[in-house]
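Scroll down for the structure; my scribbles are underneath it.
When a residue number appears, it is its place in the shown sequence, counting from 1.
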Amino acid sequence: EQKSTTVRFPEVSAKTDSLSPSAAEAVQLLAKGNAYHDNGMFREAIACYMRADSLNPGMSVVGYEIAYSYMMLGENDSAVVYGKKSIALSPRPDTYSLLGDIYDHLGKLDSALYYYDEGLEKFPDSYLLMYNKSVCLYVAHRSAEAYGVILNSLKYTRRHEGSYFLAGQLAYGLGYGIDFFANGSYANFIGETEAR
């Protein structure tokens, strides 16, 4: 199984009274699949998502969730197929990020950067895409590029602890002592505030 920095898709609405019976059942299956996924039961999650897709084809969230569960199983070819289907239905920054993450896990830097950049063309204020692109560049020993990307991401978030921690880490490696201290301190502040 792979570890992931990918975030979960926003929670599915529990309001199903205005939906057709098959669409309402699909939403319920999606929620059940999310519960399985969150408990590490990825095969069970995929089964729920597949059933939801058969009941209500065309929900991009289903493709995203299937891709995410396959990624967590390490079945990256299947994850890519469903991630691309989700983007074709409805492009979202989290789906581009997921595809970038998959390729990053596979060590395919160019493909990872392609999806982060394609997502950023459509969603230029997505700090999540910038954060994950920066991590990818950092791992590839392209720290100066990574630092530029993460600094840009900070314009769009004040509460993402990881962005500030990474900015501090990169600043330290590049010899920017004051930036290291400022970003590291702010990351700690966010973490302590969230803990309270």
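Surrounding CG of D77 are at most 12 heavy atoms belonging to other residues, nucleotides or ligands under 6.0 Å away. No more than 12 heavy atoms of other residues, nucleotides or ligands lie within 6.0 Å of OH in Y172, so this atom counts as exposed by the packing criterion. Taking a 6.0 Å sphere around OH of Y114, one finds it holds 12 or fewer heavy atoms contributed by other residues, nucleotides or ligands.
Cluster membership check: L55 does not share its hydrophobic cluster with V27, using side-chain heavy-atom separations under 4.5 Å among Ile, Leu, Val, Met, Phe, Trp and Tyr. M41 and M50 are assigned to two separate hydrophobic clusters, defined by single-linkage of ILVMFWY side chains at heavy-atom distances under 4.5 Å. L30 and L89 fall into different hydrophobic clusters, defined by Ile, Leu, Val, Met, Phe, Trp and Tyr side-chain heavy atoms under 4.5 Å apart, directly or through other members.
At distances below 3.5 Å, not a single donor-acceptor pair connects side-chain atoms of Y176 with backbone N or O atoms of G168. Between the side chain of S69 and the backbone N or O of I66, no donor-acceptor pair lies under 3.5 Å. Not one N or O on the side chain of S60 forms a donor-acceptor pair closer than 3.5 Å with the backbone of S86. At least one donor-acceptor pair closer than 3.5 Å links the side chain of S153 to the backbone N or O of I150.
Taken from CE in M72 to CD1 in I102, the straight-line distance is 11.0 Å, to the nearest 0.5 Å. To the nearest 0.5 Å, atom OG1 of residue T95 and atom CG of residue D101 are 11.0 Å apart. We find the NZ-CG distance between K108 and D110 to be 11.0 Å, quoted to the nearest 0.5 Å. For the atom pair CZ (R43) and CD (E75), the distance works out to 4.0 Å, reported to the nearest 0.5 Å. Between H105 atom NE2 and M71 atom CE the span is 4.5 Å, to the nearest 0.5 Å. Remark: Y70 OH to F42 CZ distance equals 13.0 Å, nearest 0.5 Å.
For Y127, the ring pair (Phe, Tyr, Trp, His ring centres under 6.0 Å) criterion is met by H160, not counting sequence neighbours. By the salt bridge (charged side-chain N to carboxylate O under 4.0 Å, His left out) test, D117 is found to be paired with K133, residues two or more places apart in sequence or in another chain being considered. With sequence neighbours excluded, no residue forms a ring pair (Phe, Tyr, Trp, His ring centres under 6.0 Å) with Y36. Under the rule for a side chain to side chain donor-acceptor pair (under 3.5 Å), the partners of Y96 that lie at least two apart in sequence or sit in another chain are E118. Every salt bridge (charged side-chain N to carboxylate O under 4.0 Å, His left out) that E145 has, sequence neighbours left out, goes to R142. For the side chain to side chain contact (heavy atoms under 4.5 Å, CB included) test, residues two or more places apart in sequence or in another chain that qualify with A52 are A26, L29, V62.
Note: Y103 and Y115 have parallel aromatic rings, judged against thresholds of 30 and 60 degrees for the angle between ring planes.
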Would you please test L170 and S134 for side-chain contact (heavy atoms from CB on, under 4.5 Å) and show each step?
CA-CA 10 Å; L170 288 164; S134 188; 3.7 Å; yes
For side-chain contact (heavy atoms from CB on, under 4.5 Å), just list the numbers for H37 and Y68, CA-CA rounded to whole Å, side-chain angles, deciding distance to a tenth of an Å, and then say yes or no.
CA-CA 9 Å; H37 179 102; Y68 191 12; 3.6 Å; yes
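The two residues S143 and L174 come nearest to each other via the heavy atoms O-CD1, 3.9 Å. Contact between D125 and M130 at its shortest, heavy atoms only, is C-CE, 4.0 Å. Across S97 and N132, no two heavy atoms sit closer than the pair OG-ND2, 2.5 Å. Nearest heavy atom pair, residue G100 against residue A112, reads O-CB, 3.3 Å. The two atoms that bring G119 and L129 nearest to each other are C-CD1, 3.6 Å, heavy atoms only.
Residues Y82 and Y49 keep their aromatic ring centres 6.0 Å or farther apart.
Side-chain contact check for D104 versus Y116: some heavy-atom pair is nearer than 4.5 Å. Under the 4.5 Å side-chain criterion, counting only non-hydrogen atoms from C-beta, L137 is in contact with L113. Annotation: side chain of S111 is not in contact with side chain of L106 (no heavy-atom distance under 4.5 Å).
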